[in-house]
Amino acid sequence: MPKDVNDKKEKKENKHFFKDFKAELKRVIWPTPKQLVNNTVAVITIVLITAVIVFALDFVFKTVDDYGINKLKEVIGTRNEESNTTTSNEETNNTNNNTTNETGNNTTNNETNSTTNNTTNTTNTTSNNTKN
């Protein structure tokens, strides 16, 4: 198609668009200045109330996080340390008891060996005396 025909079509479409646009703007019900102020105040009030609620929730959750969860972690950590210390103390006591038992067994064995040696020596002495 020739260029002139396309230009005429575009101009016609543009005129039609702007006529429709102007007609739509005439159909719009514009708010009065009083309605505009009231609606603006309502929007700003709702935004401020929402901001306060979000701030309050943020503050509460932050406080709970700092003092609630962290304190809970500290308490659990302290209990774990106490149980680890108790377990370590029990292990130390068990080790000491085992060492004492081993030492006591050695002492008992030494006493038994000493008694056996004395009895043997006495028997040997008695048999030597008898032979003589």
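Heavy-atom basis, side chains included; hydrogens, waters and symmetry copies ignored. Just so it is clear, the model here is predicted, and its values are computed rather than measured.
We find the OG1-CZ distance between Thr63 and Phe61 to be 11.0 Å, quoted to the nearest 0.5 Å. The OG1 atom of Thr32 sits 8.0 Å away from the CG atom of Asn38 when rounded to the nearest 0.5 Å.
Here the rule is side chain to side chain contact (heavy atoms under 4.5 Å, CB included) with Thr45, and of Ile49, Leu48, Val43 only Ile49 fits it. Checked against Lys62 for a salt bridge (charged side-chain N to carboxylate O under 4.0 Å, His left out), the options Asp58, Asp66, Asp65 give a single hit: Asp66.
Linking Ile, Leu, Val, Met, Phe, Trp and Tyr residues whenever their side-chain heavy atoms come within less than 4.5 Å places Trp30 and Phe21 in a single cluster.
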